[in-house]
Amino acid sequence: MIINKTKHKIISEKERVCKTIFSQLRGLMFRQKQNLIMIFEKEKKVSLHMFLVFYTIDVLILNKNKEIVEIKRNFKPFTFWNSKEKGKYVVELAFPGEYEVGDRVEIKV
């Protein structure tokens, strides 16, 4: 479950968690619409692609304190994107919610 603690709203009730490099490489490719969390060992800039993902998503980049530091809205299939900010968590949302940069998020896995 992902909760926006700043706005007291649920962002996602169910999501896939990707901790291994292999699960992160696959991401949402060839999957039905769902939300996904990637957890990295340390903060880093993220490069993502939407090849073989057939729906639009929002991407949240969270720092080590689980604050949203960057948002990519309406990330479309068959495109690339590079984050400007470093993040420890990447949240890919096929079912977007209410959030903005600076919001604090709670992740319950």
Side-chain angles (χ1 to χ4, degrees):
M1 180 175 281
I2 304 170
I3 301 167
N4 183 331
K5 293 192 65 125
T6 303
K7 293 186 173 25
H8 306 288
K9 301 258 183 183
I10 294 173
I11 295 173
S12 172
E13 291 186 18
K14 185 177 179 187
E15 53 283 324
R16 177 179 300 274
V17 178
C18 298
K19 293 181 183 178
T20 69
I21 187 73
F22 299 110
S23 65
Q24 291 169 358
L25 286 171
R26 179 169 180 206
L28 291 172
M29 289 191 301
F30 297 113
R31 297 187 194 273
Q32 292 182 349
K33 252 184 154 178
Q34 60 186 282
N35 297 329
L36 181 139
I37 301 169
M38 293 185 200
I39 303 172
F40 304 112
E41 288 189 27
K42 60 181 182 174
E43 290 184 324
K44 65 179 187 173
K45 290 188 178 183
V46 178
S47 296
L48 298 174
H49 70 82
M50 288 289 284
F51 289 113
L52 307 172
V53 179
F54 303 104
Y55 46 89
T56 301
I57 64 171
D58 279 3
V59 179
L60 309 180
I61 305 295
L62 310 177
N63 65 16
K64 63 184 177 187
N65 299 319
K66 297 182 183 152
E67 295 169 333
I68 300 173
V69 294
E70 189 170 353
I71 299 172
K72 170 65 174 166
R73 295 187 192 274
N74 299 313
F75 190 20
K76 301 206 180 303
F78 302 100
T79 59
F80 290 97
W81 177 69
N82 296 310
S83 70
K84 294 176 184 150
E85 303 295 329
K86 290 182 178 181
K88 181 168 173 61
Y89 306 88
V90 173
V91 178
E92 297 182 350
L93 297 167
F95 305 98
E98 285 187 45
Y99 36 76
E100 58 188 292
V101 172
D103 287 354
R104 183 175 291 274
V105 173
E106 180 180 356
I107 298 173
K108 296 181 179 184
V109 289

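Bear in mind that the values here come from a model prediction, so they are computed numbers and not experimental data.
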Donor-acceptor contact below 3.5 Å, side chain Glu106 vs main chain Asn4: no

Linked, directly or transitively: Ile10 and Ile37 (ILVMFWY side chains, under 4.5 Å): no

Rounded distance [0.5 Å steps], OG in Ser83 versus NZ in Lys72: 12.0 Å

Minimal non-hydrogen separation, Thr6 against Arg104, with atom names: OG1-N, 2.8 Å

Min side-chain heavy-atom separation Val91-Val59 under 4.5 Å: no

Pairing residues for Val105 by the side chain to side chain contact (heavy atoms under 4.5 Å, CB included) criterion, not counting sequence neighbours: Ile2, Ile11, Leu62, Ile68, Ile107

Donor-acceptor contact present, side-chain Asn65 to main-chain Glu67, <3.5 Å: no

Linked, directly or transitively: Ile57 and Phe54 (ILVMFWY side chains, under 4.5 Å): yes

Distance-minimising heavy-atom pair for Phe40 and Gln24: CE2-OE1, 3.4 Å

Hydrophobic cluster membership, Leu60 vs Met1, 4.5 Å side-chain cutoff: no

OG1 on Thr79 to NE2 on His49, rounded to 0.5 Å: 10.5 Å

Spatial distance of atom OH (Tyr89) from atom CG (Asn63) [nearest 0.5 Å]: 9.0 Å

Co-membership, hydrophobic cluster, residues Ile3 and Val101, 4.5 Å side-chain: no

Any donor-acceptor N/O pair, Lys86 side chain to Lys45 backbone, under 3.5 Å: no

Heavy-atom pair of closest approach, residues Lys64 and Glu43: N-OE2, 2.7 Å

Closest approach of Glu41 to Lys88 (non-hydrogen atoms, all atoms of both residues): O-NZ, 3.1 Å

Spatial distance of atom CG (Asp103) from atom NZ (Lys9) [nearest 0.5 Å]: 11.5 Å

Stacked cation flag Lys7 on Tyr99, 6.0 angstrom / 45 deg: no

Greater than 12 external heavy atoms within 6.0 Å of Lys66's NZ: yes

Close side-chain approach of Glu92 to Val53, heavy-atom, < 4.5 Å: no

Ile39 CD1 to Thr20 OG1 distance, which is reported to the nearest 0.5 Å: 11.0 Å

CZ on Phe95 to CD on Glu13, rounded to 0.5 Å: 11.5 Å

Shortest non-hydrogen contact between Trp81 and Glu70, atoms and distance: CZ2-OE2, 3.2 Å

Side chain to side chain donor-acceptor pair (under 3.5 Å) partners of Asn35, counting only residues at least two apart: Ser12

Exercise: identify the closest heavy-atom pair between Pro77 and Thr56: CD-OG1, 3.9 Å

Residue list, side chain to side chain donor-acceptor pair (under 3.5 Å) with Asn74, at least two apart or on another chain: none

